[in-house]
Structure formats: C-alpha cells, structure tokens
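Taking it in order: structure first as structure tokens, then the write-up.
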Amino acid sequence: MSTPEFAIAIMAAGKGTRLKSKRPKVLHEIGGRALLLHVIAAAETVVPANHIFCIIGHEGDRVRTAVASTGVQFVLQPEQRGTGHALQMLKADFELSGRPIPQHLLVLSGDVPLIRPETIAAVRDTHLREHAAMTILTAVPADPTGYGRVLRASADKPEVTSIVEQKSLRPDQLSAPEINSGIYCFETAALFARLDALTTNNAHGEFYLTDVAAMLVAEGKRVVAVTADSVDEVLGANTIAEMMHLDAAMRLATARRLMASGVTIFRPETCVIDAHVTVGPDTTIEPYVQLLGDTHIGSESRIRSYSVIQNCAIGNNVTVLNGCIFDDSEIADNANLGPYARLRPESRIGEGAHIGNFVETKKATVGRGTKAGHLSYLGDATIGDGVNIGAGTITCNYDGVHKHLTTIGDGAFIGSDSTLVAPVTIGAGAYIAAGSSITEDVPEGALALGRSRQTTKPGWVAVRKAAAEAKKSC
Ligand code: UD1
Ligand code: CA
C-alpha cells in the first residue's frame with residue numbers, strides 16, 4: 001500500500017448529552033438523513049471512502065450499521081474522553097494495523113452536517129498553500145456562545161495563537177467573535193507527535209483536540225485559520241433546537257434548488273422536502289406538502305396541500321389532491337389521486353388511472369385508465385386496464401392466516417359495495433352486480449350476482465303500526 005496524501009477522520013463517537021435522546025447524536029436526522037451520512041457524503045467528494053475513518057463509540061454498533069453501506073472505515077473509541085482522545089484512538093489504530101499513515105489528515109465533526117465539499121477542499125488547499133501544520137476552519141456567527149474561539153496573532157493575518165473553549169474563556173475573551181468549526185487539516189505526523197502530551201486539565205476533564213493548536217504554535221509550527229464563506233455550513237448540532245435550525249436551513253436550500261429548476265413551491269417554508277427528492281419543471285407543490293425519502297416527481301404534476309409522500313416515483317402530469325398519504329409506490333403519467341387516498345407499499349397506479357376519495361391500496365397493481373373513485377380497499381390485487389371499481393368495493397385478502405390475491409381482467413365492471421373474497425379471479429369484461437359477495441371465479445364477459453333476492457311487502461308498514469297501536473290501548 002502506498003502512502004496516501006490525504007485521509008479524512010470523522011469524529012462521531014460522542015453521546016450528544018445535550019440532545020437528551022437515546023439515539024446517538026450522529027444518527028439524528030436533518031433533511032431526512034442522518035447527520036453522519038451528510039458528513040460522509042461531503043467527505044467522499046474529497047477522498048475515496050476507504051480513506052475515510054469514522055471514529056465511533058457511543059452506540060458504536062448502531063452507528064456502524066447505519067452507515068456501513070458507504071464503505072468507510074471504522075475506528076472504535078470505547079470510552080469518550082474528548083475529541084483529542086478520539087484522535088488518539090485513530091493514531092493507535094494506524095500503529096496497530098500497520099496501515100500507511102497519510103501525509104495530511106482532514107478532521108471533520110459528525111455533528112457539523114452542512115459542510116460543503118468545496119469548503120473541505122478549500123481547507124485542504126489553504127493548508128497546502130500555507131505549508132501549515134494545522135489549518136482551522138472558522139466562522140463569525142451572530143452569536144458565538146458555546147463554541148471554542150479561535151484567537152489570531154493579528155486580526156488580518158491567518159496565523160492562530162490558540163483555540164479556547166467556551167468554558168475556559170477569560171472575561172475579556174468572551175466577546176471573541178471567531179468560532180472554531182471543529183473542522184481541521186493537519187500534517188499527520190505533527191498531530192500524532194503531540195496527541196500523547198494532551199491533558200484533561202480543563203473544565204470538562206476531557207482531552208481537547210483544540211489544545212494541539214497552542215502546542216504546535218509553542219514549538220514554532222504554523223497554525224492558520226481559514227474563514228468559511230457561509231456561517232450556516234459550519235454550525236454544529238448540539239441540541240434539538242440547533243438540529244431543527246439546520247434542518248430548516250437544509251430544506252430551504254432544497255426548495256430553492258427545486259425552484260431554480262422550474263418547480264413552483266407555494267410557501268416553501270411550510271413544506272418538508274428531503275434533501276434527495278427530485279421534481280421536474282412545471283410541477284406545482286402547494287403549501288404544507290411533505291416529500292420524503294427517495295421520492296421523485298415528474299413534470300407538470302400538481303401536489304395539493306397536506307399530502308405526505310414517501311419513497312414514491314410519480315410521473316408527469318399527475319394530480320394528487322389534498323390529504324393523500326403515499327408510501328413506497330409508483331404512479332404513472334396522467335393519473336389522478338385523492339383527496340384522501342392512501343397508497344401503502346408496492347402500489348402501482350397505471351397511466352391515467354384514478355384513485356379517489358378514501359381509497360386504500362396495498363400491493364396492488366392498477367391498470368391504465370382504471371377508476372376506483374370512492375371508499376374502497378384494494379389489497380394484494382392485480383387489476384387490469386379500463387376497470388371500473390364501484391364505491392365501497394373491498395378485496396377480502398386476508399383469511400386470518402394468509403393473504404390471497406384478487407385478479408381483475410381488463411374492462412371489468414365491479415358494482416358498488418362488492419366484496420371480492422380472495423383468492424378470486426374476475427375475467428375481462430365481466431360484470432359484478434352491486435352488493436355482491438364474490439367467492440368464486442367469474443369468467444370473462446359473465447355477470448355475477450352474489451346477493452340474496454330482494455323481497456318487497458306492499459303495505460307492510462301500515463299493518464305493523466296498526467298492530468302496535470292496538471297493543472298500546474289495551
Ligand atoms: C467542539 C470543539 C469546539 C468547536 C465545536 C464546533 C473541542 C474540545 N471543542 O466542541 O472548539 O467550537 O466542536 O462544533 O474539540 N466526539 C468523539 N469522541 C469524544 C468526544 C466527541 O468522537 O470523546 C465527537 C462528537 O461525536 C462530535 C464531535 O466529536 O461529533 C465534537 O464533539 P462535541 O462534544 O460536540 O464538541 P463541542 O463541545 O461541540
Ligand atoms: Ca458539537
């Protein structure tokens with residue numbers, strides 16, 4: 001193995017005590033994705049995944065499982081004794097495994113998720129240009145409280161003298177405006193040589209990685225700061241409120257990206273759109289819509305208010321009326337759904353089909369131009385093209401033990417309030433009389449009546465009332 005020029009360490013072992021949550025901090029989500037996955041995605045644009053080292057510890061197995069598919073490496077920090085200790089574990093891992101030590105090490109924080117690839121690259125480039133031992137990414141937010149502060153030798157020079165944590169700030173340093181983002185580039189040998197000298201002699205009783213800055217300066221090494229273009233991208237997520245602030249920032253950025261590509265989003269601040277959703281031009285999204293997960297919508301469609309759509313592929317010129325809930329489903333072009341339609345997983349709605357008011361589908365394929373306008377349950381069903389499903393039709397797919405399939409051929413007509421007891425097949429073009437319970441297959445083109453005959457008794461009401469009156473008066 002040759003010595004890589006750059007590797008990236010992502011510190012992700014902390015518990016996130018300030019979140020007061022059972023879930024490890026780096027698995028909390030913004031924009032519909034775990035914090036750590038956002039950071040890994042940015043890191044991957046700078047170095048290949050096998051040069052990314054996630055330092056995990058608190059609920060380490062859970063974190064590892066959640067991000068394993070990215071192909072990053074893991075280093076265990078069994079006890080979380082501070083950011084300096086996290087890097088001590090990385091150093092020990094390199095030494096133990098005999099892995100070649102990279103010349104430069106970029107360090108990212110698992111809880112600073114909005115970091116952009118360009119900014120990581122800028123830290124790397126400044127580091128090389130300045131021949132620095134340590135380069136620190138900084139920002140000047142409106143309120144620096146809570147962050148470590150970067151102190152420069154002189155305000156207009158890149159040289160840093162030290163990083164001071166919030167709790168260690170002297171009164172005259174409390175207003176120091178420049179914050180440490182927790183993102184750095186090190187000359188790896190210079191960093192590794194100083195890690196063992198860190199102490200826990202501080203307000204938190206932890207090994208602070210930030211102390212390395214002053215140590216390097218004391219030994220005449222060059223430590224420089226580079227300021228991020230935007231403050232938002234270096235903000236940390238230590239509390240739920242901070243996390244939701246980042247979530248809103250990320251979603252607004254997603255909405256802006258979609259609008260820039262020709263999507264109309266009314267009141268974008270009311271919509272919840274995950275980071276990887278795509279929408280085609282001339283589609284309109286009304287207020288209070290949620291588009292989540294792996295959702296992709298074509299062009300010239302309209303999603304009306306209060307619909308929640310997760311992991312769905314929706315075609316062009318589709319209308320989704322108000323209050324629909326769709327999961328893991330596909331909808332072809334020109335379909336029309338809702339209001340209040342519910343597509344449960346594996347529903348496939350064909351071109352130009354209509355799934356109307358209070359219709360629920362699950363594992364159902366609905367053919368082209370088929371209509372189910374009102375109050376139906378279509379589960380485990382394969383329904384052909386041009387079928388008419390009358391109001392209140394139910395596929396009885398469950399016998400208490402197993403699920404069974406209902407198959408309906410092209411052009412069939414299912415009268416209102418029919419129950420189709422699966423397994424059952426209705427042939428193409430067959431008619432089912434309204435109110436039928438269908439328990440046997442119906443051949444193509446047949447009419448099936450599955451209900452008892454109506455009896456009508458003329459004058460019955462008057463006779464009954466007279467009898468009741470007579471009883472009362474005696
Ligand atoms: C840290 C910096 C602070 C900076 C801020 C930016 C230190 C001492 N302070 O503070 O100067 O302004 O980030 O957001 O570094 N972690 C581990 N192992 C540990 C402890 C933490 O992997 O033992 C990880 C955490 O999971 C987190 C990151 O390191 O992703 C930062 O830790 P955190 O405790 O949030 O540090 P801050 O107090 O925010
Ligand atoms: Ca933090």
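In each ligand, atom 1 is the first atom listed, and ligand 1 is the first ligand listed.
- Coordination check, Ser109 versus the Ca ion (ligand 2): failed, since every N/O/S atom of the residue sits at 3.0 Å or beyond.
- Closest to atom 21 (C) of ligand 1 among all protein heavy atoms lies Thr83 CG2, 3.9 Å.
- Relative to the ring axis of Phe207, Arg81 does not place its NZ or CZ within 45° and under 6.0 Å from the centre.
- For atom 9 (N) of ligand 1, the closest non-hydrogen atom on the protein side is Glu165 OE1, 3.0 Å.
- Looking only at protein heavy atoms, the nearest one to atom 29 (O) of ligand 1 is Met11 CB, 3.4 Å.
- The pair Glu118-Arg116 counts as a salt bridge, with a side-chain nitrogen and a carboxylate oxygen less than 4.0 angstrom apart.
- At least one N/O-N/O distance between Gly148 and ligand 1 falls below 3.5 Å.
- Against a heavy-atom cut-off of under 4.0 Å, Arg81 is close to the following atoms of ligand 1: 23 (O).
- In terms of protein heavy-atom proximity, atom 22 (O) of ligand 1 is closest to Ala13 N, 2.9 Å.
- Looking at atom 13 (O) of ligand 1, its nearest protein heavy atom turns out to be Gly182 CA, 4.4 Å.
- Of all protein heavy atoms, the one lying nearest to atom 12 (O) of ligand 1 is Asn180 O, 2.7 Å.
- Taking every non-hydrogen atom of Asn238 and a distance limit under 4.0 Å, the qualifying atoms of ligand 1 come out as 35 (O), 39 (O).
- The side chain to side chain contact (heavy atoms under 4.5 Å, CB included) with Ile273 is formed by just one residue from the set Thr254, Leu292, Val263; it is Thr254.
- Salt-bridge formation is detected for the pair Lys362/Asp380: a Lys NZ or Arg NE/NH1/NH2 atom is positioned less than 4.0 Å from an Asp or Glu carboxylate oxygen.
- Ionic pairing of Asp247 and Arg251 is present here: one or more N-O contacts between side-chain nitrogen and carboxylate oxygen are shorter than 4.0 angstrom.
- Residue contacts with ligand 1 for Lys25 involve side-chain atoms from C-beta outward but no N, CA, C or O (heavy atoms, distance under 4.0 Å).
- The minimum heavy-atom distance linking Ile55 with Ala9 is given by the pair CD1-CB, 4.4 Å.
- A salt bridge does not link Arg194 with Asp211: none of the charged nitrogens is closer than 4.0 Å to a carboxylate oxygen.
- For Arg18, the heavy-atom gap to ligand 1 drops under 4.0 angstrom.
- Residue-level proximity to ligand 1 for Ile179 is absent, since no heavy atom of it falls below 4.0 angstrom.
- Each of the following atoms of ligand 1 lies closer than 4.0 Å to a heavy atom of Tyr208: 8 (C).
- Interface of Ser181 with ligand 1, defined as ligand atoms under 4.0 Å from a residue heavy atom, comprises 6 (C), 14 (O).
- Other residues, nucleotides and ligands place no more than 12 heavy atoms under 6.0 Å from the CZ atom of Arg368.
- Comment: Lys25 engages Asp111 in a salt bridge, judged by a side-chain N to carboxylate O separation of less than 4.0 angstrom.
- Nearest protein heavy-atom neighbour of atom 20 (C) of ligand 1: Gly82 C, 3.7 Å.
- Side-chain contact check for Ile314 versus Thr283: every heavy-atom pair is 4.5 Å or farther apart.
- Distance screen at 4.0 Å: atom 1 (C) of ligand 1 has no protein heavy-atom neighbour inside the cut-off.
- In summary, Glu286 and Arg302 engage in a salt bridge, as defined by a charged side-chain N under 4.0 Å from a carboxylate O.
- Nearest N, O or S atom of Asp111 to the Ca ion (ligand 2): atom OD2.
- For Gln166, no heavy-atom contact with ligand 1 is shorter than 4.0 Å.
- Distance from atom 26 (O) of ligand 1 to its nearest protein heavy atom, with residue and atom name: Gly14 N, 2.8 Å.
- At least one heavy atom of Gln77 sits under 4.0 Å from some atom of ligand 1.
- Between Glu159 and Arg222 a salt bridge is recorded (basic side-chain N to carboxylate O distance below 4.0 Å).
- In the vicinity of Thr210, heavy-atom distances shorter than 4.0 Å reach the ligand 1 atoms 7 (C), 8 (C), 9 (N), 11 (O), 15 (O).
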TODO: Could you walk me through whether Phe186 and Phe192 pass ring-ring contact (aromatic ring centres under 6.0 Å, His included), step by step?
DONE: CA-CA 9 Å; Phe186 290 98; Phe192 281 7; 9.1 Å; no
